[in-house]
Amino acid sequence: VNEWGDLVNKIKSKNIPLIRLGAGDKIKNSAAKIDFLSPNSELTQSAELNDTGLVELIESNGLKALLTADIGAVTEKYLASHFNLRADILKVPHHGSRFSSSAVFLDAVKPKVAIIEVGIKNKYGHPTREALQRLADVSAAVLRTDKNGQITASAAAGKLKIFTEK
């Protein structure tokens, strides 16, 4: 099954403009902006599909959020060496797997809040103890969708508010 190919064909058949985003692209709306940090042209050629995920740094109302898809240590190392990653909120890479959330990466981000999107009792054992320990080492408050349900972040006047479903 080639879901990507099917999607591209459907987009073309309906004459919908296809916009490819990657490193260096930006979206700005009023005072909010999104900077796309990855993937760059080298990472899009990676045999590791997770290295090709979009990484966005969102800034709005004086707060920053870093959204990281399923990137692993290779992409984390690249990002930490090329960008100022400091962010208030981190969407934890790859569901908190042992191959993500490296100490170097987390030290660059220094998140106040780390959000892990993960299924209840998932077969991968995510998030791993190692990833959770690395998040604790940078003093991030950790919220998880398996324990907290839906997590919503709101920013107003430079203040961060987090709401959970449970």
Discussion item. Would a single hydrophobic cluster contain both Phe99 and Ile71, if residues Ile, Leu, Val, Met, Phe, Trp and Tyr are joined by side-chain heavy-atom contacts under 4.5 Å?
Written reply: no
Discussion item. Given 3.5 Å as the limit, does a donor-acceptor pair link the side chain of Asn122 with the main chain of Gly119, or not?
Written reply: yes
Worksheet entry | CA sep, side-chain torsions, deciding dist, call: Lys10, Asp6, side-chain contact (heavy atoms from CB on, under 4.5 Å) | CA-CA 6 Å; Lys10 187 172 255 187; Asp6 292 345; over 6 Å; no
Worksheet item: Which atoms form the tightest heavy-atom contact between Ser154 and Phe163, and what is the distance?
Response: CB-CE1, 4.1 Å
Worksheet item: Which heavy-atom pair separates Asp25 from Arg20 by the least distance, and what is that distance?
Response: OD2-O, 3.7 Å
Item to complete: Indicate if Ile151 and Leu160 have the same hydrophobic cluster label, given that clusters are the connected sets of ILVMFWY residues with side-chain heavy-atom separations under 4.5 angstrom.
Response: yes
Item to complete: Indicate the atoms forming the closest heavy-atom contact of Gly53 with Pro39, along with that distance.
Response: O-CD, 3.6 Å
Worksheet item: If you round to the nearest 0.5 Å, how far is CD1 of Ile115 from CG of Leu66?
Response: 11.5 Å
Worksheet item: Going from CD on Glu59 to NZ on Lys28, what distance comes out if it is rounded to the nearest 0.5 angstrom?
Response: 9.0 Å
Worksheet item: Is a donor on one side and an acceptor on the other found under 3.5 Å between the side chain of Asp107 and the backbone of Ala103?
Response: no
Practice prompt. Enter the distance from His94:NE2 to Thr75:OG1 here, rounded to the nearest 0.5 Å.
Written response: 11.5 Å
Fill in: Sidechain N-carboxylate O distance under 4.0 Å for Lys64, Asp88
no
Item to complete: Indicate whether the side chain of Thr164 and that of Asn148 have a donor and an acceptor atom separated by less than 3.5 Å.
Response: no
Worksheet item: Under 3.5 Å, side chain of Asn61 to main-chain N/O of Ala155, donor-acceptor pair present?
Response: yes
Worksheet item: Should Ile162 and Thr152 be marked as a side-chain contact (heavy atoms from CB on, under 4.5 Å) after you check the CA-CA gap, both sets of side-chain angles, and the distance that decides it?
Response: CA-CA 6 Å; Ile162 304 286; Thr152 305; over 6 Å; no
Worksheet entry | Thr44 OG1 to Leu49 CG distance, which is reported to the nearest 0.5 Å | 11.5 Å
Practice prompt. Classify the side-chain pair Asp51/Tyr78 by whether it contains a donor and acceptor separated by less than 3.5 Å.
Written response: no
Fill in: Exercise: identify the closest heavy-atom pair between Ala131 and Gly96
CB-O, 3.3 Å
Item to complete: May I ask you to decide if Ile116's main-chain N or O and Arg144's side chain share a donor-acceptor pair within less than 3.5 Å?
Response: no
Practice prompt. Measure across Phe105 and Thr68 and return the closest heavy-atom pair with its distance rounded to 0.1 Å.
Written response: CZ-CG2, 4.0 Å
Worksheet entry | Pairwise side-chain contact, Asp137 with Leu106, heavy-atom cut-off 4.5 Å (strictly under) | no
Worksheet item: When clusters are formed by joining ILVMFWY residues with side-chain heavy atoms under 4.5 Å apart, either directly or through shared neighbours, do Leu132 and Val109 land in the same one?
Response: yes
Worksheet item: Are there more than 12 heavy atoms of other residues, nucleotides or ligands under 6.0 Å from atom CD of Glu130?
Response: yes
Worksheet item: Any chance NZ of Lys110 has more than 12 other-residue heavy atoms, nucleotides or ligands included, within less than 6.0 Å?
Response: yes
Worksheet item: Would a 4.5 Å heavy-atom cut-off, applied to side chains only, mark Ser38 and Leu79 as touching?
Response: yes
Worksheet item: Under 3.5 Å, is there a donor-acceptor pair between the side chain of Asn40 and the main chain of Leu43?
Response: yes
Discussion item. Taking side chain to side chain donor-acceptor pair (under 3.5 Å) as the definition, give me every residue that meets it alongside His126, ordered by chain and number, with sequence neighbours left out.
Written reply: none
Worksheet item: Just how far is it from atom OG of Ser100 to atom NE2 of His95, taken to the nearest 0.5 Å?
Response: 9.0 Å
Discussion item. Contact between Ile27 and Phe36 at the side-chain level, heavy atoms closer than 4.5 Å - yes or no?
Written reply: yes
Discussion item. Count I, L, V, M, F, W, Y as connected when their side-chain heavy atoms are under 4.5 Å apart, and connections chain through other members. Are Val55 and Ile34 then in the same cluster?
Written reply: no
Discussion item. Pairing donors with acceptors under 3.5 angstrom, does anything connect the side chains of Glu76 and Ser102?
Written reply: yes
Worksheet item: Side chains of Val113 and Leu90: does their closest heavy-atom pair fall under 4.5 Å?
Response: no
Worksheet item: Do you reckon Leu143 sits in the same ILVMFWY cluster as Val118, going by side-chain contacts under 4.5 Å, direct or chained?
Response: no
Worksheet item: Roughly how far, to the nearest 0.5 Å, is CD1 of Ile89 from CG of Leu63?
Response: 7.0 Å
Practice prompt. Write down the atom of Leu67, the atom of Lys91, and the distance for their closest heavy-atom approach.
Written response: CD2-CB, 3.8 Å
